[in-house]
Amino acid sequence: KKNFEKEYENLKKEALKINPGEFEKNGIKGVYNFIKGEHPNNDNLIKYISDEIEKAKTHFDEYKVITFPSQRFLIKNIPEFFYGVYPTIFYFPAYPLDRNRVSELYIYTNEKYGDNFISYVYNQPKLEVYISELVVPGLHTKNDYMKSLPKIRRIISQPSIEGGWAIYSNDLAWEMGYYTTVYSNFLLSYFRTLKALRAWMDVAFHIDDKSFDNGIEIFKEKFGFNDDVSKNEMINISLNPTYYYAQIYGYNEIKRLRKKYVSQENKFFDMREFHGDILERGNIPIYDIIEELKIIRKERLKLKIEESEE
């Protein structure tokens, strides 16, 4: 709850910077709906997103903070029966034991949704955030690191490292100067705050501190969601206990680990190496990653110091 309250205060500050009049009148929802930017039309939507992904790859390859993903990647239309179940853009990793590993990014390309829908959902400010979280340096990059790992490290699912890395990826993209619009800080704060609220409701609902209906009202109050969207949020939370809490926990642990090793290793700290150490552990519990990193990085630091003294 404290984490959400802190994030929500930051979100309100960002909203006031973007459009104080809209914020005073319609709250967070009004500012979010106000966001505009360059966008494709239905005919070139997939190409537009592909081009934006290539720009992101080029950008992050220049900074050398991650290993460039080589795994195949397809952009597909969301089937009609997914509507209302999955978000308007989402990532499906390759099946863990598939030899021909192909990941997929699903979007809505049906022309019936019209230009207003595309300009609202797939405008450049939002696409940049989606791409950094889902593709580079986000989930697709993380998935690429696992291609040569033992099966057990690929087949288990751990939302703490998966969801934690996705949130951290947005932070990393901001650090590396990837975002190009005035709306970026607000959008980053918006999505991080939304995930913090999901985490709070995840805990509160499952310990009987908040009821299902309480949760619906909080989503409506804080983000201006309608009844259906708020209800779907609480349904997902009720069906996935600890899932949303684990994402925030994993995100905070990755940040803590980075701060720890920057402090301990000083001039020997290498950002790409640190990210590789985390992602090459695979989908194991975050506390196991922490223990493995202690051993790996202690031995490596010792070698680096010895080499520097020769």
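Only this structure's heavy atoms are used, side chains among them; waters, hydrogens and symmetry mates stay out.
- Between K12 and E9 a salt bridge is recorded (basic side-chain N to carboxylate O distance below 4.0 Å).
- Atom OH of Y95 has 12 or fewer heavy atoms from other residues, nucleotides or ligands within 6.0 Å.
- A donor and an acceptor atom, one from each side chain of Y48 and N41, are nowhere located under 3.5 Å apart.
- Ion pair D277/R300 flagged as a salt bridge, since at least one NZ, NE, NH1 or NH2 atom sits closer than 4.0 Å to an Asp/Glu carboxylate oxygen.
- When atom types are taken as modelled, the side chain of R101 and the backbone of A94 share no donor-acceptor pair closer than 3.5 angstrom.
- Annotation for Y179: atom OH counts as buried by contact number, over 12 foreign heavy atoms lying within 6.0 Å.
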Worksheet item: Taking it one step at a time, do L172 and R258 satisfy side-chain contact (heavy atoms from CB on, under 4.5 Å)?
Response: CA-CA 12 Å; L172 184 61; R258 176 173 152 182; 4.2 Å; yes
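- Using a 4.0 Å cut-off between charged nitrogen and carboxylate oxygen, E52 and K55 count as a salt-bridge pair.
- When side chains are defined from C-beta on, R192 counts as touching D171, because their heavy atoms get closer than 4.5 Å.
- A salt bridge does not link K302 with E299: every distance from a Lys NZ or Arg NE/NH1/NH2 to an Asp or Glu carboxylate oxygen is 4.0 Å or more.
- A centroid separation of less than 6.0 Å is found between the aromatic rings of H275 and Y168.
- Of the inter-residue distances, the one linking F268 atom CZ with L303 atom CG reads 11.0 Å to the nearest 0.5 angstrom.
- Under the 3.5 Å distance criterion, with hydrogens and angles disregarded, a donor-acceptor pair is assigned to the side chains of E133 and N170.
- Remark: R72 CZ is loosely packed, at most 12 non-hydrogen atoms of other residues, nucleotides or ligands lying under 6.0 Å away.
- When only modelled atom types and interatomic distance are considered, H140 and D144 share no side-chain donor-acceptor pair under 3.5 Å.
- Looking at heavy atoms from C-beta onward, I78 lies in side-chain contact with F90 at the 4.5 angstrom threshold.
- E128 and Q124 form a side-chain donor-acceptor contact under 3.5 Å, judged by distance and modelled atom types alone.
- The hydrophobic cluster containing I118 also contains V129, counting ILVMFWY residues as joined when their side-chain heavy atoms lie under 4.5 angstrom apart, directly or transitively.
- Between F269 and Y261, the distance from one ring center to the other does not fall under 6.0 angstrom.
- Judged purely by distance below 3.5 Å, without hydrogens or angles, the side chains of R198 and N236 never pair a donor atom with an acceptor atom.
- No donor-acceptor distance shorter than 3.5 angstrom exists from the side chain of S103 to the backbone of L74, with no hydrogens or angles considered.
- The closest side-chain heavy-atom distance from I161 to N283 is below 4.5 Å.
- In the hydrophobic cluster analysis, where Ile, Leu, Val, Met, Phe, Trp and Tyr join through side-chain heavy atoms closer than 4.5 angstrom, Y91 is grouped apart from V102.
- Counting only distance, with no hydrogens or angles, the side chain of S189 and the backbone of N185 share no donor-acceptor pair below 3.5 Å.
- Ion pairing between K47 and D51 holds under the 4.0 Å rule for side-chain N and carboxylate O.
- Contact of the N214 side chain with the D209 side chain is not registered, since no non-hydrogen atoms from C-beta on lie closer than 4.5 Å.
- With salt bridges taken as basic N to acidic carboxylate O contacts below 4.0 Å, none links K304 and E265.
- Atom NZ of K6 has 12 or fewer neighbouring heavy atoms from other residues, nucleotides or ligands inside a 6.0 Å radius.
- In terms of modelled atom types and a separation under 3.5 Å, the side chain of S230 and the main chain of D227 share no donor-acceptor contact.
- At most 12 heavy atoms of other shown residues, nucleotides or ligands fall within 6.0 angstrom of atom NZ in K231.
- The two residues V31 and N19 make their nearest non-hydrogen contact at CG2-O, 4.0 Å.
- Put simply, V229 and W200 are part of the same group of oily side chains (I, L, V, M, F, W, Y) that touch within less than 4.5 Å, one to the next.
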Practice prompt. Could you give me the CA-CA distance, side-chain angles and deciding distance for Y63 and Y178, then say whether side-chain contact (heavy atoms from CB on, under 4.5 Å) is met?
Written response: CA-CA 10 Å; Y63 283 90; Y178 167 62; over 6 Å; no
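- The main-chain N or O of I237 is never found under 3.5 Å from a side-chain atom of D202 such that the two would form a donor-acceptor pair.
- Judged purely by distance below 3.5 Å, without hydrogens or angles, the side chains of N3 and K195 never pair a donor atom with an acceptor atom.
- By the neighbour-count criterion of 12 heavy atoms within 6.0 Å, atom OH of Y243 is sparsely surrounded, having that number or fewer from other residues, nucleotides or ligands.
- Contact check on E292 versus R153 returns a salt bridge, with a Lys/Arg side-chain nitrogen under 4.0 Å from an Asp/Glu carboxylate oxygen.
- In this structure, the side chains of N232 and F219 stay at 4.5 Å or more apart for every pair of heavy atoms.
- Remark: the backbone N or O of T67 is paired with a side-chain donor or acceptor of Y145 at under 3.5 angstrom.
- In this structure, F34 and N26 have side chains that are not in contact, with every pair of non-hydrogen atoms separated by 4.5 Å or more.
- Below 30°, between 30° and 60°, or above 60°: for Y106 and F92 the angle between ring planes is above 60°, a perpendicular geometry.
- In this structure, K220 pairs ionically with E217, as a charged nitrogen and a carboxylate oxygen lie closer than 4.0 Å.
- A donor-acceptor pair under 3.5 Å links the side-chain atoms of N123 to the main chain of K126, judged by distance alone.
- No donor-acceptor pair closer than 3.5 Å links the side chain of N143 to the backbone N or O of P93.
- No donor-acceptor distance shorter than 3.5 angstrom exists from the side chain of T141 to the backbone of P69, with no hydrogens or angles considered.
- Of the N and O atoms on the side chains of K222 and T193, not one donor lies less than 3.5 Å from an acceptor on the other residue.
- Note on K2 versus E5: no salt bridge recorded, every NZ/NE/NH1/NH2 to OD/OE distance being 4.0 Å or above.
- A donor-acceptor distance shorter than 3.5 angstrom exists from the side chain of S50 to the backbone of I46, with no hydrogens or angles considered.
- Stacking of K36 on the aromatic ring of Y183 is not recorded, the 6.0 Å distance cut-off and the 45° axial limit not both being met.
- Note on ring orientation: taking the six-membered ring where Trp is involved, the planes of F205 and F212 are perpendicular (angle over 60°, cut-offs 30° and 60°).
- A continuous path of ILVMFWY side-chain contacts below 4.5 Å connects L45 to I89, so both sit in one hydrophobic cluster.
- By the 6.0 Å contact criterion, NZ on K260 is enclosed, its count of non-hydrogen atoms from other residues, nucleotides or ligands being greater than 12.
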